[in-house]
Amino acid sequence: MRRFLLRFLVLSAFSFVLIAVIAAVVVWVENLFPAYEGVLNWIENRIMLLGTACFALCMAIIFCVQWLQLVSYLAEVVGAVQIIGEDEQKPVELPSILFETQEQLNQVRQKIKVKEVEAREAEQRKNDLLVYLAHDLKTPISSIIGYLTLLRDEKRISPEMHDRYVAVALQNSERLDDLINEFFEITRFNISRITLEYSRINLTRMLEQLVFEFQPMLAEKNLQCRLDMPADLQLRCDADKILRVFDNLIRNAVTYSFENSEIRITASVSDTAVTLNFVNSGHPIPEEKRVRIFERFYRLDASRSSRTGGSGLGLAIAKQMVELHQGRISASSHDDQICFSVELPLS
């Protein structure tokens, strides 16, 4: 556009100069050659028309040049787009006048490469998860079959051994049920559109009940869970979804806490929001893992079995539930202290 305006201005100036020159030449020739007065009068009477014709001709030339340049630039851009799709290494190079377009295309290309890497990593995590779950499904099934076979074949088994075999078979059946639920959770998390059903709840009572239900898990590692929050704290939310968030956070804290340590749940209230902190003592989370901890299928320790590491969906689901409530969730790690913070609006 700048070049077009410059050419237009140059052309206008050229046309005025040309008309002035023609007028001057006509006057000069008329003085020197009176015999040609009729021809010169004809030219003089039509000088504006001739100037206009010259101006129009020059404009046509400019438009043709601009059109050819535009076609050329479009061809360059099309070629650059093909490079983006075909050659991952070759940078996009365009004429200097298209420098901004070149930079934008290179940025788009970089973003596409980043998205491709993220998509491959997400797919790989999902595939790894399915492998973990498939392996873990086989383990309890094999154990259940083995102990039930022993119960069938051992005719003179003692009551103690009978109870022990039944307890192991039951434990593995419960584990199998958990794994199947995880498979359903993966499918549900990918295809469902979640809607919220709001009601007013007593947040303090909800957390007290939830901590009580975790007592068996806490006892296995000799953990204490201390609740420090205002009595009868009220919150308007979807009770089931928020309960799911707290369940995931407490379960995560129990899984990654040091034995013989304490889990603290605190709450602070402002005029507009309530903030809950779930703090436990455990190995610090490296920064590169902390920033990805809320991603779907991301597991803090990929070497863990799903018995301890989970499906990699718990924190991702918690983040989604909190954000559906217009809240925020974050994680921090300092020394041996790990803290998950949940901020929920009061209204």
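Here the structure is a predicted model, which means the values were calculated and not measured.
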Task: same_hphob_cluster(L227, V274) at 4.5 Å side-chain heavy-atom cutoff - done: yes
Open item on the list: Distance check, rounded to the nearest 0.5 Å: L196 atom CG versus R236 atom CZ?
Closed with: 10.0 Å
Task: Closest non-hydrogen atom pair, A253 against N280 - done: O-ND2, 3.8 Å
Open item on the list: Any non-hydrogen side-chain atom of Y165 less than 4.5 Å from a side-chain atom of I157?
Closed with: yes
Task: Heavy-atom donor-acceptor pair, H325 side chain to P345 backbone, under 3.5 Å - done: no
Open item on the list: Quick check on the hydrophobic clustering: are L223 and V279 connected, directly or via other members, by side-chain heavy-atom contacts under 4.5 Å?
Closed with: no
- [ ] Grab the two heavy atoms, one from I201 and one from C237, that are nearest each other, plus how far apart they are.
- [x] CD1-SG, 3.4 Å
Task: side chain to side chain donor-acceptor pair (under 3.5 Å): pairs with one or both residues in residues 220-230, sequence neighbours excluded - done: N222-N260, R226-E262
Task: Student check: side-chain heavy atoms of I263 and F278 closer than 4.5 Å - done: no
Task: Exercise: identify the closest heavy-atom pair between D247 and L210 - done: N-CD2, 3.6 Å
- [ ] Evaluate the side-chain proximity of F258 to H283: yes if any heavy-atom separation is below 4.5 Å, no if none is.
- [x] yes
Task: Any side-chain heavy-atom pair of L235 and M206 under 4.5 Å - done: no
TODO: Decide whether L176 and V166 are clustered together by the hydrophobic rule: side chain heavy atoms of Ile, Leu, Val, Met, Phe, Trp, Tyr closer than 4.5 Å, transitively.
DONE: yes
Open item on the list: Quick one, I265 with C225, criterion side chain to side chain contact (heavy atoms under 4.5 Å, CB included). Give me CA distance, side-chain angles, the key distance, then yes/no.
Closed with: CA-CA 8 Å; I265 304 174; C225 187; 3.9 Å; yes
Open item on the list: Please find the pair of heavy atoms, one from I144 and one from A169, that lie closest to each other, and give the distance.
Closed with: CG1-O, 3.8 Å
Open item on the list: Taking L150 as the starting point, is it possible to reach M161 by hopping between hydrophobic residues whose side chains are less than 4.5 Å apart?
Closed with: yes
Open item on the list: Please check if the number of heavy atoms outside E213 that lie under 6.0 Å from its CD is greater than 12.
Closed with: yes
Open item on the list: For a 4.5 angstrom cut-off between non-hydrogen side-chain atoms, does K289 reach I293?
Closed with: no
Task: Where V254 and L218 come nearest, the two heavy atoms and their spacing - done: CG2-CD2, 3.7 Å
Open item on the list: Could you tell me if the side chain of L249 sits less than 4.5 Å from the side chain of L315, heavy atoms only?
Closed with: yes
- [ ] Enter the distance from N202:CG to R200:CZ here, rounded to the nearest 0.5 Å.
- [x] 11.0 Å
Task: Sub-4.5 Å side-chain heavy-atom contact between L276 and F246 - done: yes
Open item on the list: Please list all pairs meeting side chain to side chain donor-acceptor pair (under 3.5 Å) that have one or both residues in residues 140-149, counting only residues at least two apart or in different chains.
Closed with: S143-N172
Counting only pairs under 3.5 Å, give me each side-chain donor-acceptor contact of residues 334-342, with atom names and distances, residues two or more places apart or in other chains.
unit_1: Q337; atom_1: NE2; unit_2: S281; atom_2: OG; d: 3.0
unit_1: S341; atom_1: OG; unit_2: N277; atom_2: OD1; d: 2.5

Open item on the list: To the nearest 0.5 Å, what is the distance between OG1 on T272 and CD on E343?
Closed with: 7.0 Å
Task: Audit row: V114, E118, side chain to side chain contact (heavy atoms under 4.5 Å, CB included) steps and yes/no - done: CA-CA 6 Å; V114 170; E118 291 176 350; 3.6 Å; yes
Task: Atom of T204, atom of P230 and distance for their closest heavy-atom approach - done: OG1-O, 2.7 Å
Task: Intermediate values then yes/no, side chain to side chain contact (heavy atoms under 4.5 Å, CB included), K241 and Y198 - done: CA-CA 10 Å; K241 304 298 188 299; Y198 280 91; over 6 Å; no
TODO: Please tell me if the side chains of L203 and M229 come closer than 4.5 Å, counting only heavy atoms from C-beta onward.
DONE: yes
Task: Cluster link I285 to V291, ILVMFWY, side chain under 4.5 Å - done: no
